[in-house]
Novice: 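Below you'll find the structure I mean.
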Amino acid sequence: MKMNRIQVEEKLKEKGLFVFTPREFSGVLNTPLKTGEVFISRNLKSGLFLKLRNNYYMLKDSHPPLYTIANKLYQPSYVSLESALSYYGIIPETVYTITSVTTKSTREFKTPRGVFSYQRIKKAAFSDYGPVSIEGHVILLAQPEKALADYLYFVDLRKISLNDRLNLKSIRKEKCLECIKAFEREGLQKIVKEIYAQQRQPRKIY
């Protein structure tokens, strides 16, 4: 089968396959895997596709939300930590690295579309996330309390520093405490109490 660039692009967009592996590409185009791999390789050079990491590609002129790419690039995973906290307005900063958690090994991928970071958590704590629609795409995103619980877990491990400008107004404290139980770390309970105590203190105005 002779594959036409325009037809291929239209087919991928029609199927919503913005990020794909050679096997997925070949399945959608109904072509042998080897033919698909050769087409991808040739059209990386022609500028139709971008390589994100080994075995993962995307249409160069497509712009799905970065969270969509994050979900696809390393599975299983869901967007959490600073990216989710920023999305919910729990931290004020814009986050440029897209942060997720996974049950696989910790990894980071530097791609033409940005940097995607994945932190490992235990399977028992891989929960309280769900599908959220962003720009017409379905994203696996931590619930606000779980994003905070994941974040505080890595604060407790001293892998990240605690942001001193947390906005906890939208956080259900009891739900957050429920989420941190799965990590089975006593220090997490203490951190939650400390950040809530800080929230009650009047802010200094300089």
Side-chain angles (χ1 to χ4, degrees), residues 12-13 16-25 40-41 43-123 125-167 179 183:
L12 291 174
K13 287 180 177 177
L17 201 65
F18 297 101
V19 179
F20 52 85
T21 64
R23 189 170 297 281
E24 289 169 334
F25 176 87
I40 291 169
S41 178
N43 284 281
L44 279 172
K45 294 167 187 170
S46 75
L48 179 63
F49 301 134
L50 273 180
K51 183 176 181 179
L52 296 171
R53 58 167 287 217
N54 284 348
N55 219 36
Y56 285 84
Y57 306 88
M58 70 178 292
L59 286 166
K60 189 173 184 178
D61 77 342
S62 68
H63 298 278
L66 294 177
Y67 294 173
T68 298
I69 298 175
N71 281 177
K72 188 69 186 268
L73 214 51
Y74 199 53
Q75 299 174 21
S77 68
Y78 60 85
V79 175
S80 188
L81 308 169
E82 293 93 340
S83 288
L85 294 178
S86 178
Y87 174 80
Y88 290 120
I90 298 166
I91 60 173
E93 294 85 5
T94 300
V95 178
Y96 295 101
T97 295
I98 307 302
T99 57
S100 301
V101 296
T102 179
T103 54
K104 292 167 72 174
S105 301
T106 293
R107 292 290 300 273
E108 182 178 273
F109 302 103
K110 294 179 180 177
T111 80
R113 284 288 191 261
V115 180
F116 298 85
S117 167
Y118 302 82
Q119 296 289 337
R120 184 180 180 275
I121 62 173
K122 56 169 41 175
K123 285 184 180 178
F126 195 82
S127 62
D128 295 285
Y129 64 93
V132 175
S133 181
I134 299 177
E135 297 173 28
H137 293 256
V138 177
I139 315 291
L140 294 180
L141 181 70
Q143 295 171 8
E145 293 81 7
K146 186 56 163 63
L148 181 61
D150 289 344
Y151 173 77
L152 295 177
Y153 169 66
F154 288 102
V155 169
D156 191 38
L157 291 179
R158 300 188 177 180
K159 290 191 174 183
I160 54 178
S161 300
L162 180 64
N163 189 309
D164 62 0
R165 296 199 291 168
L166 294 173
N167 177 359
C179 289
F183 290 107

Novice: Side chain of K104, backbone of P76: donor and acceptor closer than 3.5 Å?
Specialist: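 Absent.
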Novice: Return the minimal non-hydrogen interatomic distance between F183 and A125, and the atom names on each side.
Specialist: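 Of all heavy-atom pairs spanning F183 and A125, the closest is CE2-CB, 3.5 Å.
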Novice: Measure the shortest side-chain to side-chain distance between I98 and I69 over non-hydrogen atoms and say whether it is less than 4.5 angstrom.
Specialist: no
Novice: Take N167 and I91 through the side-chain contact (heavy atoms from CB on, under 4.5 Å) test and state the conclusion after the steps.
Specialist: CA-CA 6 Å; N167 177 359; I91 60 173; over 6 Å; no
Novice: Is the backbone of E93 close enough, under 3.5 Å, to the side chain of S86 for a donor and an acceptor to pair up by distance?
Specialist: yes
Novice: Looking at side-chain heavy atoms only, is the closest gap between F109 and Y56 below 4.5 Å?
Specialist: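 They are not in contact (no side-chain heavy atoms under 4.5 Å apart), so the answer is no.
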Novice: Would you call Y87 and V132 a side-chain contact if the rule is heavy atoms closer than 4.5 Å?
Specialist: yes
Novice: Check whether any side-chain heavy atom of L12 sits under 4.5 Å from a side-chain heavy atom of F49, and report yes or no.
Specialist: yes
Novice: How many angstroms lie between NZ in K51 and OG1 in T111, if you round to the nearest 0.5 Å?
Specialist: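 The distance works out to 12.5 Å.
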Novice: If only atom types and distance count, is the side chain of T99 paired as donor or acceptor with the main-chain N or O of S117 below 3.5 Å?
Specialist: no
Novice: Less than 6.0 Å separating the ring centroids of F126 and Y78?
Specialist: yes
Novice: Do M58 and L73 make a side-chain contact, defined as non-hydrogen atoms from C-beta onward lying under 4.5 Å apart?
Specialist: no
Novice: Do V115 and E108 have side chains that get closer than 4.5 Å, going by heavy atoms?
Specialist: yes
Novice: Where do K146 and D128 come nearest, in terms of heavy atoms and distance?
Specialist: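 Closest heavy-atom pair between K146 and D128: CB-O, 3.4 Å.
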Novice: Which atom names give the shortest non-hydrogen contact between S77 and L140, and what distance separates them?
Specialist: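 It is O-CD1, 4.0 Å.
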Novice: Quick one, I160 with E82, criterion side-chain contact (heavy atoms from CB on, under 4.5 Å). Give me CA distance, side-chain angles, the key distance, then yes/no.
Specialist: CA-CA 10 Å; I160 54 178; E82 293 93 340; 3.9 Å; yes
Novice: Report yes or no: do Y57 and N43 form a side-chain donor-acceptor pair below 3.5 Å?
Specialist: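 Not at all, the side chains of Y57 and N43 share no donor-acceptor pair under 3.5 Å.
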Novice: Quick check: closest heavy atoms across L50 and L44, and the distance to 0.1 Å?
Specialist: C-CD2, 3.7 Å
Novice: Give a yes or no on this: more than 12 heavy atoms of other residues, nucleotides or ligands lie within 6.0 Å of atom CZ of R23.
Specialist: no
Novice: Would a distance-only check, ignoring hydrogens and angles, find a side-chain to backbone donor-acceptor pair under 3.5 Å from Y151 to N163?
Specialist: yes
Novice: So, taking the atom named CG in L152 and the one named CG in L85, what distance separates them when rounded to the nearest 0.5 Å?
Specialist: 8.0 Å
Novice: What closest approach, in Å, do T68 and H137 show between heavy atoms, and which atom pair accounts for it?
Specialist: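 Minimum heavy-atom separation between T68 and H137: OG1-CB, 3.5 Å.
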Novice: Determine whether D156 and Y153 satisfy the following criterion, side-chain contact (heavy atoms from CB on, under 4.5 Å), listing intermediate values before the conclusion.
Specialist: CA-CA 5 Å; D156 191 38; Y153 169 66; 5.6 Å; no
Novice: Between I90 and E145, is there a side-chain heavy-atom distance shorter than 4.5 Å?
Specialist: no
Novice: So do the side chains of F154 and I121 get within less than 4.5 Å of each other, counting heavy atoms only?
Specialist: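 F154 reaches I121 side chain to side chain.
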Novice: Ignoring hydrogens and geometry, is there a side-chain-to-backbone donor-acceptor pair from Y74 to S105 under 3.5 Å?
Specialist: yes
Novice: Is the count of non-hydrogen atoms from other residues, nucleotides or ligands lying under 6.0 Å from K110 atom NZ greater than 12?
Specialist: no
Novice: Calculate, to the nearest 0.5 Å, the distance between atoms NZ and OG belonging to K60 and S46 respectively.
Specialist: 9.0 Å
Novice: Please round to the nearest 0.5 Å and tell me the distance separating atom CD of Q143 and atom CG of D150.
Specialist: 11.0 Å
Novice: Step by step, would you call L59 with L48 a side-chain contact (heavy atoms from CB on, under 4.5 Å)?
Specialist: CA-CA 6 Å; L59 286 166; L48 179 63; 4.2 Å; yes
Novice: Tell me whether T97 contacts the main-chain N or O of F116 through its side chain, where contact means a donor paired with an acceptor under 3.5 Å.
Specialist: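 Side chain of T97 to backbone of F116: no pair is present.
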Novice: Might you point out which heavy atoms bring R113 and H63 nearest each other, and give the distance in Å?
Specialist: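 Minimum heavy-atom separation between R113 and H63: NH2-CE1, 3.7 Å.
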